Amino acid sequence: MALYSEKVMDHFRHPRNVGIIEDADGIGEVGNPVCGDIMKIYLKIEKDIISDVKFETFGCGSAIASSSMATELIKGKPISQALQLTNKAVTEALDGLPAHKLHCSVLAEEAIKSAIKDYYDKHQIAYDHSQFPDCKSCGHCCEE
Amino acid sequence: MQIYADNAATTQMSRTAIAAMLPYMEEIYGNPSSLYTIGQKAREAIEDARERMANCLGCTAREITFTSGGSEADNQAILSAAALGAKRGKKHIISTAFEHHAVLHTLKKLEKNGFEVTLLDVHSNGIVAAEQVAEAIREDTCLVSVMYANNEIGTIQPIAEIGAVCREKGVLFHTDAVQAAGHLPIDVERQYIDLLSLSAHKFHGPKGCGALYSRRGTPLISVIEGGAQERGKRAGTENVPAIMGMTAALEEACRSMEAHTAHLTALRDRLIHGLEKIPYSALNGDGTQRLPGNVNFCFEGIEGESLLLLLDDKGISVSSGSACTSGSLDPSHVLLAIGRPHEVAHGSLRMTLGEDTTEEQVDYMIEAVTEVVDYLRHMSPFWRDLEIGKRPHVFSK
């Protein structure tokens, strides 16, 4: 069996929503270069709906595919729904990831949460802090 | 265009090697330990092969033990020297930080059994100096193990000088010559080598076959028990076809070494010069003291696995020392040993050319790598940070 599913390879080869949003309403960045992966998510939000989303990723094939899939899953969705996005959902949508690559889907989930939190902070919108646990993505990947 | 540029991982078998194997699968398939004719014919064949292997290395046939490959040979060489050392109360071993894991993991095991291991630092050009070895040798040193050429960055170590130091101090010298055999000259006498490991599939022979040279008077311990094969030092029915293929391949490689070296060196340098034009990139390891077919680069701002996969889409087979391809979470220990920071080591690419590689293929590789690096940098937030000065560049433009 190949390392990656067809879906992963499709999103890796033809990533959706690559780029930046100059006037983004929220930006989230997780990971670090020492670990070998960084994901950055840009959100445009209109009336609580994610009207546009872009990403930049430094990382392996599954990191790029996970970012691409995660952006697809939240595009056009209400924030409340995007906050429900789990790494499991990203993995399932990609028809699975190898066990040692699951942290890539965790990064995607955390990058989106981080971008939404940034939106809330910038726009002084009150929120439940327990929704945004401290980003563990780096420790997660380096100490796993 | 299909380009195989991962010859340090394995090579295509040569026609000569395949032809040398077939009779021992189809006709002379007897067990060399059997007493009837086709058994004895197989026995004669492997003893003849042993003689020919010895000729390639400058030793005698009795000093050659056939193994299942380079890893087994490394394990057996080190464990044998350690057992000999322990008998004499010498339990200190010297090696380097960038050896193959077949060596490093065996040393780790010995550390758990009371041995002390000194891993020498590697200079930033990927070379260990004989003086470092001389300084590290102690009264209780029983073995020095330094690879002939590094498997990732291809740098060639001053084996003869290190061997001379060891001989003078009366310490056994092992070299893992898995990347060197068939590609660089080997003469165990002139290079003062006591133990040497090699692997057939790195020089167009079959997989699962290797050899261990051990100088007369350097007794081996058996790593695999269960039979009297290989003078009781390696149990298991000999892999006759593979031994015949390996021998034919090594002879062929040694015969053509000069021509291959000239061809590969020219292509290697062409590839290096082409890739050096990519901004913020750097060659890993010395520019000239390296295997003729080895090119290894780091590119800032990108990750090696995605680079490798996109090159595969363009028909190019290469490898990377990124964590994602090493199967662990840390990037290549070799790149870290020569001082590359983690974030740069993740963006490494190894291209190892073969005798069949053409100039046209090299030019295509330069074009493809340049294009893919540029593409990946444009989607990398790490690269953006480097470009806007938020993080410092490691290499110069």
Side-chain angles (χ1 to χ4, degrees), chain A residues 2-4 8-20 22 24 27-42 54-68 71 97-104 107 111 114-115 137-144, chain B residues 280 298-315 317 319-332 335-336 340-349 371-388 390-395:
Chain A
L3 173 66
Y4 292 132
V8 173
M9 288 310 291
D10 177 42
H11 276 261
F12 166 63
R13 289 189 179 115
H14 313 286
R16 283 59 147 180
N17 310 311
V18 176
I20 63 170
E22 294 286 357
I27 298 174
E29 182 177 317
V30 297
N32 81 50
V34 174
C35 293
D37 33 30
I38 304 176
M39 277 183 204
K40 197 166 182 180
I41 300 272
Y42 300 79
K54 296 276 186 209
F55 81 89
E56 291 182 302
T57 289
F58 157 71
C60 60
S62 64
I64 292 171
S66 294
S67 322
S68 168
T71 55
L97 284 171
H100 65 289
K101 299 283 191 180
L102 286 173
H103 77 270
C104 293
L107 274 183
S114 163
S137 41
C138 181
H140 180 87
C141 93
C142 288
E143 289 159 21
E144 198 171 42
Chain B
Y280 302 105
C298 278
F299 303 103
E300 280 191 61
I302 59 164
E303 192 279 332
E305 190 212 70
S306 41
L307 178 55
L308 182 162
L309 292 172
L310 289 175
L311 289 172
D312 185 36
D313 279 350
K314 291 178 180 288
S317 309
S319 72
S320 165
S322 81
C324 282
T325 54
S326 72
S328 75
L329 293 164
D330 279 323
S332 145
L335 297 175
L336 298 180
R340 294 290 188 223
H342 273 71
E343 63 269 31
V344 169
H346 284 299
S348 82
L349 190 69
E371 190 186 312
V372 174
V373 167
D374 189 57
Y375 167 78
L376 287 172
R377 279 177 172 173
H378 276 95
M379 68 158 81
S380 164
F382 178 26
W383 178 250
R384 179 179 299 282
D385 287 352
L386 292 167
E387 283 294 90
I388 61 174
K390 202 172 147 196
R391 294 180 204 267
H393 277 290
V394 173
F395 303 137

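Just so you know, these numbers come straight off a predicted model, no measurement behind them. Note on naming: letters A, B, ... go to the chains in the order of the sequence lines (proteins, then strands), and numbering restarts at 1 for each one.
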In Å and rounded to the nearest 0.5 Å, what is the CD to CZ distance from Glu29(A) to Phe382(B)? 11.0 Å
Short question: side chain of His342(B), backbone of Cys35(A) - any donor-acceptor pair under 3.5 Å? no
Flag if over 12 foreign heavy atoms under 6.0 Å of NE2, His378(B): no
Go through the atoms of Ser62(A) and report whether side chain, backbone, both or neither lie under 4.5 Å from a heavy atom of chain B. backbone
Nearest-0.5 Å distance, CZ of residue Phe12(A) to CG of residue Asp313(B): 7.0 Å
So which part of Ile38(A) gets closer than 4.5 Å to some heavy atom of chain B, the side chain, the backbone, both or neither? both
Go through the atoms of Arg384(B) and report whether side chain, backbone, both or neither lie under 4.5 Å from a heavy atom of chain A. side chain
Can you tell me if Glu305(B) uses its side chain to pair, donor with acceptor, with the backbone of Gly61(A) under 3.5 Å? yes
Considering all heavy atoms of both residues, which atom of Cys60(A) and which atom of Glu303(B) are nearest to each other, and what is their separation? CA-OE1, 3.0 Å
Let me confirm one number: the CG-CD1 distance from Leu309(B) to Ile64(A), rounded to the nearest 0.5 Å. 9.0 Å
How many angstroms lie between atom CE of Met379(B) and atom CZ of Phe58(A), to the nearest 0.5 angstrom? 13.0 Å
Only pairs of heavy atoms separated by less than 4.5 Å count here; which of Pro381(B), Pro341(B), Gly347(B) has the most with chain A? Pro381(B)
Do you know the tightest heavy-atom contact between Gly59(A) and Ser306(B)? O-OG, 2.9 Å
Please name all residues satisfying side chain to side chain donor-acceptor pair (under 3.5 Å) with Glu343(B), sequence neighbours left out, ordered by chain then number. none
